[in-house]
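Chain letters run A, B, ... following the sequence lines, proteins first, then strands; residues in each count from 1. What's counted below: heavy atoms across the whole structure, side chains too, no hydrogens, waters or symmetry copies.
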Amino acid sequence: AQSVTQLGSHVSVSEGALVLLRCNYSSSVPPYLFWYVQYPNQGLQLLLKYTSAATLVKGINGFEAEFKKSETSFHLTKPSAHMSDAAEYFCAVTQNRDDKIIFGKGTRLHILP
Amino acid sequence: DTGVSQDPRHKITKRGQNVTFRCDPISEHNRLYWYRQTLGQGPEFLTYFQNEAQLEKSRLLSDRFSAERPKGSFSTLEIQRTEQGDSAMYLCASSSASGSSYNEQFFGPGTRLTVL
């Protein structure tokens, strides 16, 4: 069964510092992987997706993630945090392109001034 | 606005009452998904439709839950005899399942249910 594990339910970084949110996946076949962001009182927004093309995926708002099959990881990074990045981030996986999405438990990102 | 819309945005009900939520997908999207998100957790899949056909239901969807998508357009999710454990955010998403590439699921703002 496919699943994702997000390490750290809360992560705090200083404004301007590197953001690193960790995600490991479990899947028996090459998966589709995603990062979603959820701002307070708003719906889920897709940040980026991996669909078996380039292993380094660039998304919106300066975020990127690298698919590492050997480590079964799909960590999310941003070189310089901004106050507006404070939100809940979800790593997610699906095995088939139109199938249900399996989400991790989420990581709340706090940005310190 | 041509995004996914959900109604109501908030619903407070007493235990034992029935509630119904509505989701309007993006126009011409043939797939519609329902997810549930409880506090501190990620969204969990409930069910999905392709057009009017309900193709999969999660074991989370007990007999008290029923979802429909008449005519393959909007969808309703009904919860009968609500329990406090049903308190959650109910999310709807839609996509256009076509072609050979991945089709993004677009999420609505959700309906927050509170059962007292």
Heavy-atom pairs under 4.5 Å with chain A, option from B/Gln105, B/Gln6, B/Arg9 with the top count: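 Highest number of pairs under 4.5 Å: B/Gln105.
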Which one, B/Gln41, B/Glu44, B/Arg112, B/Gln50, leads in non-hydrogen pairs under 4.5 Å with chain A?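 Heavy-atom pairs under 4.5 Å are most numerous for B/Gln41.
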Interchain contact, B/Phe106 with chain A, by part (heavy-atom threshold 4.5 Å):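 Neither the backbone nor the side chain of B/Phe106 comes within 4.5 Å of chain A.
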Looking at side-chain heavy atoms only, is the closest gap between B/Tyr48 and A/Asp99 below 4.5 Å?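 Yes - at least one pair of side-chain heavy atoms lies under 4.5 Å apart.
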With a 4.5 angstrom heavy-atom cut-off, is it the side chain or the backbone of A/Gln38 that approaches chain B, or both, or neither?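 Side chain only.
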Hphob cluster co-occupancy, [X] + [Y], side-chain heavy atoms under 4.5 angstrom:
X: B/Phe107; Y: A/Val4; result: no
X: B/Tyr33; Y: B/Leu61; result: no
X: B/Tyr35; Y: B/Leu113; result: no

Is the number of heavy atoms from other residues, nucleotides or ligands within 6.0 Å of [atom1] ([X]) greater than 12?
X: B/Leu116; atom1: CG; value: yes
X: A/Gln42; atom1: CD; value: yes
X: B/Arg64; atom1: CZ; value: yes
X: A/Leu18; atom1: CG; value: yes

Pairs of heavy atoms under 4.5 Å with chain B: top-ranked of A/Thr94, A/Ile101, A/Thr51: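 Counting heavy-atom pairs under 4.5 Å, the top option is A/Ile101.
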Show the nearest heavy-atom pair for residues A/Phe90 and B/Gln37, with the distance to one decimal.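 Shortest heavy-atom contact: CZ-NE2, 3.2 Å.
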Given the side-chain rings of A/Phe103 and B/Phe45, with only the six-membered ring counted for Trp, is the space between their centroids under 6.0 Å?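 No.
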Derivation and outcome, salt bridge (charged side-chain N to carboxylate O under 4.0 Å, His left out), residues A/Lys100 and B/Glu56: CA-CA 9 Å; A/Lys100 60 184 180 287; B/Glu56 185 175 351; 2.7 Å; yes
